[in-house]
Amino acid sequence: MSDGEKPVAERYDPASIEPRWQAYWEKHETFRATRTPGKPKYYVLDMFPYPSGDGLHVGHPEGYTASDILARYKRMRGFDVLHPMGWDAFGLPAEKYAIKTGTHPRDTTKKNIATFKRQLKSLGFSYDWAREVNTTDANYVRWTQWIFLQLFKRGLAFQSEAPVNWCSALGTVLANEEVTDGKSDDGHPVVRLPLRQWMLRITEYADRLAADLDGLNWPDTKAKQLHWIGRSEGAEITFAIEGSSEVLSVFTTRCDTLPGATFLTVAPEHPLVKKLTVATHNAEVDAYVRSALAKTDMDRTDLSREKTGVFLGSYAINPINGDRVPVWVGDYVIGTYGTGAVMGVPAHDERDHAFAKTYSLPIVAVVASETGEAINVADAAFTDDGVAHGVRGSIAIADGTKSAEARKLIVQHLERIGRGNVRVTYRLRDWIFSRQRYWGEPMPIYFPVDCDGDPRRSESQFTIRFNEPIAVDESELPLRLPDLDDFSPGEDPAGALARATDWRFFQREGKWFARETNTMPQWAGSCWYYLRFIDPKNDAAAWSQELYDAWMPVDLYVGGSEHAVLHLLYARFWHKVLFDIGVVKHNEPFTKLVHQGMILGEDGQKMSKSRGNVINPDHIVKSHGADSLRAYEMFMGPLEAVKPWQTSGIEGVKRFLDRVWNVSTGALTDACDDGTKKLLHKTIQKVTHDIETMHFNTAISQMMVLTKHLGTLDAAPRQAVRTLALLLSPFAPHLGEELWSRLGFAQSLAYETWPTFDPALVKDDTVEIGVQVNGKLRGTVTLAIDADEATAKAASLEDPKVLSFVEGKTLKKLVYVKGKIVNFIVG
RNA sequence: GCGAAGGUGGCGGAAUUGGCAGACGCGCCAGAUUCAGGUUCUGGUGGUGGAAACACUGUGCGGGUUCAAGUCCCGCCCUUCGCACCA
């Protein structure tokens, strides 16, 4: 290496620099979040991870680096920054592992968190670790349960029977995605079983959840949520049933097509199916309904399937024209949407058309094309709006009106005769909130028990009065999970906790009670963690109002788009409930939202263990350093884009940091030439702008340009090197700190003032612009920025090439846009 | 089917308001350093033709507007991601 005579320049060695600065930050509590009166605040939040056994993958640091850049930048801009991290630690993998190995999920979780924390720390994120929260901590669970009780007390948490996929062999409820043809993925039979479930009445907030999206600085996630909420304006129409006192209501957005209804179809789960079935059709209908209900939602909604149904034998009366139409049951009708029944208008609805074709039901057109074109509804439905025609009877006045007008007239008429009304319906369903699982928050609810003797004894008979739920007193929270040896849900759909009889049953004033044995879903903890971060140690309340005022709302929220609907909708819902209770003051929690794009493997495929294309951040930190990993992930492309990993790419970024190191630790000078100064100020401007707009890739590219220029100088201006260290520090914080300290500063640069640029210096006084002849580029010319046309023309014609294309031709027109272009139009 | 985003070199990607397409990085080529390999440094690098000067051509496809189009307008094609019988 060294020949012993010449001192060899010290090389950039992230492996020694990075741990040193991490220790420094920790020792000095550099990133402790505190509020100073008069200073602006900035709350930048990452979606906290589920600490899986696999540890961090390179996708995690992408979003975390982006948010960390903003956090570090805002500190240097004089903001009080709240940048916390924690663990969404309840969930299935730890429980599955527990069932397999007998290890308590608590131990697995603890171990995984330690790994995640070590990895995150090795990447130099500026979190205030004193605020770390863990959704499985009793101190956190306590407040999750407290919020649940608030929902319960307001009637927003209620019980209901909902059909679920129950697999007794696995002892668990399965998600629809895990069931095919009535079997689990490993072939065990699955039955559709109505189970008592806890539901949250999110539908009550549907309107506000849709309307309040308006004010948010969110990407197209807003559109996704709107679609998910699915607000739909239409009418509810009531049909009388021939020879019965029952009536059948349907929901439709096209009540203008009511005159063309030729049948009604109800969902198999519709409560009136039995009553509307005439005796001779009983057997057939029963068989159909039973087979339909056994299907999973996935199978039911398979679009490629032919529509099926069975005639119930009864007839309904069309309220508008007295037509007698048959009532069918069909599983293409969704039981939980609208009224669970539809009117069949085959001429103007594709689904009804398909159904009518299959069962040879009449197709009657009642909407004509507005242009007067002939419409053949025998082959396909005409679903566009048009002009009503063939409207008979009491509201014949609607005949000939446009569809929108006809809708109005018809619904008004229905209202008058008491057969219908305007109605708004939502796709959004109430949220099934219970899981038959061990590793989740216990519900703070118990029920009275009827029994003689001790219900904990296996031979005793008891009845739990589920319809009389009682809230656990807030002073008794948290309600902790019992310890178990076996974490599997077991054969009892009540779940694993049902076996913890000593925990489940208790006596009060001589009476027996039973605790709820369902637990909350994993979403519960993540619904409000951003609020706990503002006051994580509070024992008296979930958070204090002072700290709420100090930090909320979240200014920037960074996380994956896979949470675009569920997590982000659930959290907004809880926030609105908390708003109604008066414990939060904003109607929305997350002002600005950004989704980082997925990082694919080098083969362009999604990273997965089975493909063997997973990049482990630990290895990259070891081989190239954390700063290189951070900077490379930001350099790959736009934050939101999906982009493939390229190992050669990170080497390029490492070379860049090497050059920054060489230039900054080499010969320096106090002088600074004008060209360098100009480039420096342009770099400050661009990097600042690009951080604000989160265009990190172009910010880095600009710093590369500056660094390359500094490398061409005999000695780099001290002022430029100093500024570069500051500009680079949000991206490569360890290197930034190291250079800063080598430049002679004793303190961390974390709170150093962000560099500003001189507007006079970033403005060029001369520019090189293109010279075109007839729109084709023929040369370039350097001009003063405000040169007049005559000067521009003369200078352009000095270029022999330009001249040769212009010479001997008539100049028809000269286009000159200052600072942009010269264009000779010749003929 | 519906909704959204997007198609730019061999690759990842740049391109405020229409104004020199391809910044920056990777890769590749040549040169310098080196015993050599690697490292580092310098220069080159969209395509076609040409020894070269240079010319033509070029941002998914086809039209259009304009002095000028990756960018604006119309009509297609393709890709990715959501949602998917919601009446």
Side-chain angles (χ1 to χ4, degrees), chain A residues 11 219-224 226-228 230-232 234 250-255 257 265 267 300-305 307 330-345 348-352 354-355 383 425-429 561-562 564-565 595 597-598 602 604 632 635-638 640-653 655-656 658-659 662 689 693 695 697-705 707-708 711-712 767-781 801 804 812-826:
Chain A
R11 296 184 57 139
D220 62 346
T221 306
K222 286 208 277 194
K224 283 187 195 170
L226 265 182
H227 183 249
W228 187 266
R231 188 189 146 92
S232 175
V250 302
F251 173 74
T252 178
T253 55
R254 289 297 304 274
C255 68
T257 64
T265 310
R300 277 270 299 266
T301 57
D302 182 3
L303 260 171
S304 57
R305 239 180 85 233
K307 299 203 183 344
D331 68 0
Y332 74 97
V333 176
I334 292 164
T336 50
Y337 181 76
T339 62
V342 300
M343 62 180 196
V345 187
H348 305 294
D349 183 280
E350 281 170 23
R351 297 150 302 185
D352 297 340
F355 193 75
T383 58
T425 302
Y426 298 90
R427 280 166 53 103
L428 185 68
R429 306 295 150 80
S561 60
E562 66 273 20
V565 175
H595 297 303
M598 206 193 328
E602 276 192 284
Y632 170 60
F635 185 64
M636 290 171 82
E640 313 78 26
V642 176
K643 38 207 179 276
W645 179 272
Q646 292 188 323
T647 296
S648 57
I650 192 170
E651 275 152 17
V653 170
R655 274 198 278 276
F656 160 59
D658 273 331
R659 275 197 285 270
N662 292 338
H689 176 261
T693 54
H695 293 144
N697 51 336
T698 48
I700 292 173
S701 127
Q702 181 65 32
M703 289 188 278
M704 286 173 166
V705 172
T707 305
K708 202 145 196 181
T712 63
V767 272
E768 195 189 48
I769 64 173
V771 180
Q772 299 177 337
V773 179
N774 287 341
K776 282 188 181 169
L777 186 75
R778 298 300 180 187
T780 59
V781 65
K801 203 166 122 189
S804 73
K812 289 186 185 161
K813 187 176 176 184
L814 178 70
V815 177
Y816 170 55
V817 181
K818 278 179 189 173
K820 301 281 190 193
I821 201 86
V822 179
N823 194 358
F824 291 87
I825 312 303
V826 297

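Quick note on labels: first sequence line is chain A, next is B, and so on, each numbered from 1. Heavy-atom basis, side chains included; hydrogens, waters and symmetry copies ignored.
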Exercise: do Arg429(A) and Thr336(A) side chains pair donor with acceptor under 3.5 Å: yes
From CD (Gln772(A)) to CD1 (Ile825(A)), nearest 0.5 Å: 8.0 Å
Quick check on G9(B): syn or anti? Syn means the glycosidic torsion is within 90 degrees of zero. syn
Please report, rounded to the nearest Å, how far the C1' atom of A84(B) is from the OH atom of Tyr337(A). 14 Å
Pairwise C1' distance, U8(B) and U59(B) [rounded to whole Å]: 4 Å
Which atoms of nucleotides 24-26 of chain B (N or O only) lie under 3.5 Å from a protein N or O atom, and what are those distances?
| from | atom 1 | to | atom 2 | distance (Å) |
| --- | --- | --- | --- | --- |
| C24(B) | O4' | Ser701(A) | OG | 3.4 |
| C26(B) | OP1 | Arg655(A) | NE | 3.0 |
| C26(B) | OP1 | Arg655(A) | NH2 | 2.9 |
| C26(B) | O2' | Ser648(A) | OG | 2.6 |

Position toward the 5' end of RNA chain B (nearest nucleotide), Leu777(A) or Gly711(A): Leu777(A)
Any Val771(A) side-chain heavy atom under 4.5 Å of Lys801(A) side chain: no
Between C35(B) and U45(B) - C1' atom distance, rounded Å: 31 Å
Sugar-phosphate or base contact per nucleotide [nucleotides 46-54 of chain B; S, B, -; heavy atom under 4.0 Å]: ---------
Answer yes or no: does a side-chain N or O of Lys776(A) lie under 4.0 Å from OP1 or OP2 of U57(B)? yes
Under 4.0 Å, heavy atoms only, any strand: does Asp658(A) hit a base, just the sugar-phosphate, or nothing? nothing
State which residues pass ring-ring contact (aromatic ring centres under 6.0 Å, His included) with Tyr632(A); sequence neighbours excluded, sorted by chain then number. Trp645(A)
Figure out the CD1/C1' separation between Ile769(A) and G18(B), and round it to whole Å. 16 Å
Expressed as a whole number of angstroms, how long is the span from Asn697(A):CG to A15(B):C1'? 12 Å
Side chain Lys643(A), main chain Pro638(A), donor-acceptor under 3.5 Å: yes
Whole-Å distance, Met636(A) CE to G13(B) P, equals 8 Å
Taking atom C1' in both G60(B) and C56(B), what distance in whole Å separates the two? 22 Å
Record whether the side chain of Lys224(A) comes under 3.5 Å of the base of C83(B) through a donor-acceptor pair of N or O atoms. no
Please classify the nucleic acid contact of Glu350(A) as base, sugar-phosphate, or nothing, using heavy-atom distances under 4.0 Å. nothing
Of all the nucleotides listed (G13(B), A84(B), C20(B)), which has the minimum atom distance to the side chain of Trp228(A)? A84(B)
Of all heavy-atom pairs between Arg778(A) and Val773(A), which one has the smallest distance, and what is that distance? CG-CG2, 3.8 Å
Can you tell me, in whole Å, how much space there is between the P of U39(B) and that of C28(B)? 10 Å
Protein-nucleotide distance (Arg231(A), atom CZ; G3(B), atom P), rounded to Å: 20 Å
Which part of the nucleic acid, if any, lies within reach of Thr780(A) when heavy atoms closer than 4.0 Å are counted: base, sugar-phosphate only, or nothing? base
Is a side-chain N or O of Arg254(A) found less than 3.5 angstrom from the main chain of Thr383(A), in a donor-acceptor match? yes
Kindly write out the residues that satisfy side chain to side chain donor-acceptor pair (under 3.5 Å) with Arg427(A), not counting sequence neighbours, or none if the list is empty. none
Pick the C1' atom in C11(B) and in U17(B), then give their distance to the nearest Å. 32 Å
Counting distance only, does the side-chain N/O of Asn823(A) pair as donor-acceptor with the main-chain N or O of Gly775(A) below 3.5 Å? yes
Rounded to the nearest 0.5 Å, what separates atom CG in Asp352(A) from atom NZ in Lys307(A)? 9.0 Å
Gap between atom CG of Leu226(A) and atom OG1 of Thr221(A) - 0.5 Å precision: 11.0 Å
Where do Pro644(A) and Met636(A) come nearest, in terms of heavy atoms and distance? O-CE, 3.3 Å
Report the distance from atom NZ of Lys307(A) to atom P of A84(B), rounded to the nearest whole Å. 16 Å
Let me spell it out: for each of Val333(A) and His227(A), pick the nucleotide of RNA chain B with the closest heavy atom. Which residue's pick is nearer the 5' end? His227(A)
Pick the C1' atom in C72(B) and in C67(B), then give their distance to the nearest Å. 16 Å
Any chance you could list the contact pattern along nucleotides 63-68 of chain B? Use B for base contacts, S for sugar-phosphate-only contacts and - for none, protein heavy atoms under 4.0 Å, 5' to 3'. ----B-
Closest approach of Val822(A) to Tyr816(A) (non-hydrogen atoms, all atoms of both residues): CG2-CD1, 3.7 Å
Could a donor-acceptor pair under 3.5 angstrom be found where the side chain of Lys820(A) meets the base of U17(B)? yes
Rounding to a whole Å, what distance do you find between Arg427(A):CZ and G3(B):P? 14 Å
Rounded to whole Å, how long is the line connecting atom NZ of Lys818(A) with atom C1' of G18(B)? 20 Å
Stems in RNA chain B, runs of 3 or more consecutive Watson-Crick or G-U wobble pairs with both distances under 3.5 Å, sorted by first number, are B:1-7 with B:77-83, B:10-12 with B:24-26, B:27-32 with B:40-45, B:46-49 with B:54-57, B:60-64 with B:72-76
Under 4.0 Å, heavy atoms only, any strand: does Thr425(A) hit a base, just the sugar-phosphate, or nothing? nothing
Closest non-hydrogen atom pair, Val333(A) against Ala267(A): O-CB, 3.4 Å
Rounded to whole angstrom, note down the P distance from G47(B) over to U42(B). 24 Å
Separation of the C1' atoms in G7(B) and G22(B), to the nearest angstrom: 16 Å
Separation between OG (Ser701(A)) and NE2 (His695(A)), nearest 0.5 Å, reads 13.0 Å
Tyr337(A) vs Phe251(A) aromatic rings, parallel, tilted or perpendicular, using cut-offs 30° and 60°? perpendicular
